[in-house]
Amino acid sequence: MTRTSTWQQILDPSHRADPYPLYTELRKTPVVRVEDGTYVVSTYREIVSLLHDPRLSSDARNLPEIGADVAAQYEEGLPGLPPNFIRTDPPEHDRIRRLLTRNFGPPHRPGRIDGMMSDLLGIVTRLIDDFTGEDGSGRVQVDIVDDFAYPFPVTVICELLGVPREDEPRFQVMSGAVIETADPTTGGIAERQRRRAKAVADLGQYFAQLLDARQGRRGDDLLSGLLSGDGDEAPMSHEGMSHEGMSHEEILSNAALLLVAGHETTVNLVTNAMLTLLRHPEVLDRLRRGEEPDLAARVVEELLRYEPPVQFLSSGRNTLDDIEIAGTTIPKGSPVALVLASGSRDPDFVTDPDRFDPDREHNEHLGFGGGIHYCFGAPLARPETQIALTQLAHRLKNPRLVADPPPYRASPSLRGPRHLLVEIDGVNPA
């Protein structure tokens, strides 16, 4: 079996339910060039090294075929927005991430996430109440994805951004179009980049309408904070930007990112988590008993290592110079994919990596990436998942899987069940 055939199997939907044996095979050669010219990196230390290497760019415009295509789109007058901050390099990345952070958390908004905890619990409580009706009696079948793991983070991100929850059917289609472009099986890099630009432009137009509608009546949401400028800086005009602020187009691009990333990855994290707990009923029972105050946090960290929602990072990552790593030279201008899920199960770094064990003494993982692009939403995703799992464990009576493995989404990078059917004997009161 060649390395390229292993990578092709990983991308094949028929292996979505359990790609981990293939990652074991992939790690035999830590860095390998696959059919489309991408260099795939699969071992922990090499991935960490590249995540912290400034020679690895996140700006797809540095790839020759992407740069030429972007120039052609500009000449053709096609609609487009600037890249969001996770698709840029310093100093551009640092400026935008700093401005977003000032409206999301410390130091300017240290209480925003903590202040959301009661709301998170309220949303979870209402969703679980709806599983069986008001009396909570009788045996029933629920879909953890459609009935819980999707509506929960969607509601949260809508409230955080100031997006009307009733618009969900509208932006779900646009969000799905963006997510599809992360799947390398759906086309070449340049073609997927062009489709992605169109999908993001559509989302940007949606946000432009929202922002226009709230001129002069801004609230406490994140979008209003970005529109109002930041701290001591001048408020932003519709056309331009303050001394250090974001342009109107940058706000639209990054709002689209936060909407998509703010719910898509959490859907997979919560669903993968519940599937894993149902396969490990002893851990689910420990959560249900509630005798270990820090157990939920430890479970989530192990799930981020064991069944992460993001399996690998690619989407335009490329080398700005020749990089020698693990005995292989990745030439300048090459696309790179970092297989985070493989690195987190690397036996050269993690003891007994294929065992789900929330009691690990040292649990370092790549579930949120690393380096300057460490997951922006991690401070929210962690408590979201902890609250979700704790409440599901406490309130579901005798939950059991209807089908194992469940059907999976097509995406090999954003991996999670499409549906997770669970039969329960009722719901305990909140």
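Worth knowing before you read on, the calculation uses all heavy atoms, side chains too, and leaves out hydrogens, waters and symmetry mates. Just so we're clear, the structure is a prediction, and the values are computed from it rather than from any experiment.
A donor-acceptor pair shorter than 3.5 Å cannot be found between the side chains of N268 and T265. T181 and R194 form no side-chain donor-acceptor contact under 3.5 Å, judged by distance and modelled atom types alone. For the residue pair E264 and Y150, no side-chain donor N or O sits within less than 3.5 Å of a side-chain acceptor on the partner. If you check the side chains of S57 and N62, you find a donor sitting under 3.5 Å from an acceptor. S58 and H93 are not linked by any side-chain donor-acceptor pair at a separation below 3.5 angstrom, with hydrogens and angles left out of the test.
Under 4.0 Å is where a charged nitrogen must lie from a carboxylate oxygen, and between D348 and R45 no such pair does. Salt bridge D404/R279: present, at least one basic N to carboxylate O contact under 4.0 Å. Under 4.0 Å is where a charged nitrogen must lie from a carboxylate oxygen, and between R305 and E302 at least one such pair does. Ion pairing between a basic and an acidic side chain is recognised when a charged N comes within 4.0 Å of a carboxylate O; E25 and K28 show such pairing. Salt bridge R355/D352: present, at least one basic N to carboxylate O contact under 4.0 Å. Using a 4.0 Å cut-off between charged nitrogen and carboxylate oxygen, E292 and R298 count as a salt-bridge pair. Between E250 and R95 there is a salt bridge, since at least one side-chain N of the basic residue sits less than 4.0 Å from a carboxylate O of the acidic one. D202 has a carboxylate O that lies under 4.0 Å from a charged side-chain N of K198, or vice versa, which qualifies the two as a salt bridge.
With Y408 as the aromatic partner, R418 does not meet the cation-pi criteria of under 6.0 angstrom to the ring centre and within 45 degrees of the ring axis.
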Is there a side-chain contact (heavy atoms from CB on, under 4.5 Å) between V267 and L269 once you walk through the steps? CA-CA 6 Å; V267 172; L269 178 55; over 6 Å; no

As a quick check of understanding, evaluate salt bridge (charged side-chain N to carboxylate O under 4.0 Å, His left out) for R192 and E180, giving each step before the final call. CA-CA 9 Å; R192 285 187 286 120; E180 185 189 32; over 6 Å; no

Where do R195 and E191 land on the salt bridge (charged side-chain N to carboxylate O under 4.0 Å, His left out) test, with the steps shown first? CA-CA 6 Å; R195 293 203 326 265; E191 188 223 331; 2.9 Å; yes

Assess whether side-chain contact (heavy atoms from CB on, under 4.5 Å) is satisfied between H52 and V48, documenting all intermediate values. CA-CA 6 Å; H52 291 83; V48 170; 3.9 Å; yes

Residues F85, L99; criterion side-chain contact (heavy atoms from CB on, under 4.5 Å); working and verdict: CA-CA 10 Å; F85 77 101; L99 291 168; over 6 Å; no

Go through the steps for R415 and E307 under the test side-chain contact (heavy atoms from CB on, under 4.5 Å), then give the verdict. CA-CA 9 Å; R415 173 181 168 270; E307 281 279 30; 2.6 Å; yes

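Nearest heavy atoms, I113 versus P379: CG2-O, 3.6 Å. Nearest heavy-atom pair, V124 versus A388, reported as atom, atom and distance to 0.1 Å: CG2-CA, 4.4 Å. Residues G262 and P153 approach most closely at O-CB, 4.1 Å, considering heavy atoms. The heavy-atom pair separating T390 from L287 by the smallest distance is OG1-CD2, 4.4 Å. Contact record, P90 with D94: CB-OD2, 3.4 Å, taken as the closest heavy-atom pair. When every heavy atom of T6 is checked against every heavy atom of L22, the shortest pair comes out as CG2-O, 3.5 Å.
You'll find the side chain of L392 reaches within 4.5 Å of the side chain of M274, heavy atoms only. Looking at D89 and R61, their side chains never come closer than 4.5 Å, going by heavy atoms from C-beta outward. Residues L420 and V142 form no side-chain contact, since every pair of their non-hydrogen atoms from C-beta on lies 4.5 Å or further apart. Using a 4.5 Å heavy-atom threshold, the side chains of V336 and S314 count as separate. In this structure, Q141 and V422 have side chains that are not in contact, with every pair of non-hydrogen atoms separated by 4.5 Å or more. In this structure, the side chains of P399 and E423 stay at 4.5 Å or more apart for every pair of heavy atoms. You'll find the side chain of D183 stays beyond 4.5 Å of the side chain of S413, heavy atoms only. At least one side-chain heavy atom of L303 sits under 4.5 Å from a side-chain heavy atom of F356.
Side-chain N or O atoms of H15 include none that pairs as donor or acceptor with a backbone N or O of L11 at under 3.5 Å. Between the side chain of N254 and the backbone N or O of L100, no donor-acceptor pair lies under 3.5 Å. Judged purely by atom type and a 3.5 angstrom limit, S253 has no side-chain atom pairing as donor or acceptor with the backbone of E249. D346 contributes a side-chain N or O that, together with a main-chain N or O of Y44, makes up a donor-acceptor pair within less than 3.5 Å. Between the side chain of R27 and the backbone N or O of T43, no donor-acceptor pair lies under 3.5 Å. Distance alone, capped at 3.5 Å, places no donor-acceptor pair between the D53 side chain and the S49 backbone. Side chain of N318 to backbone of G316: a donor-acceptor contact under 3.5 angstrom is found. Side chain of R112 to main chain of N103: a donor-acceptor pair is present (N/O by atom type, distance under 3.5 Å, no hydrogens or angles). T101 contributes a side-chain N or O that, together with a main-chain N or O of R97, makes up a donor-acceptor pair within less than 3.5 Å. Listed for the R16 side chain is a donor-acceptor partner under 3.5 Å among the backbone atoms of A410.
Atom-to-atom distance recorded for I47:CD1 and F312:CZ is 12.0 Å, nearest 0.5 angstrom. Note that the CD1 atom of I179 and the CD atom of Q172 stand 11.5 Å from one another [nearest 0.5 Å]. The CG atom of L366 sits 12.0 Å away from atom CD of Q311, with the distance rounded to the nearest 0.5 Å. One distance of note links OG of S5 with CD of E35; it measures 8.0 Å at 0.5 Å rounding. Here the straight-line distance linking atom OG of S175 with atom NE2 of H263 works out to 3.5 Å at 0.5 Å rounding. L380 CG to L120 CG: the interatomic distance, rounded to the nearest 0.5 Å, is 6.5 Å.
The aromatic rings of Y306 and H280 sit perpendicular, their planes meeting at an angle over 60°, well past the 30° parallel limit. Note: F171 and Y206 have tilted aromatic rings, judged against thresholds of 30 and 60 degrees for the angle between ring planes.
Just one residue in the list D129, D130, D425 forms a salt bridge (Lys or Arg N to Asp or Glu O under 4.0 Å) with R395, and that residue is D129. A side chain to side chain contact (heavy atoms under 4.5 Å, CB included) with I86 is found for one member of I96, L313, L257 and no other, namely L257.
Proximity of the aromatic rings of W7 and Y23 is defined here by a centroid distance below 6.0 angstrom, and this criterion is not met.
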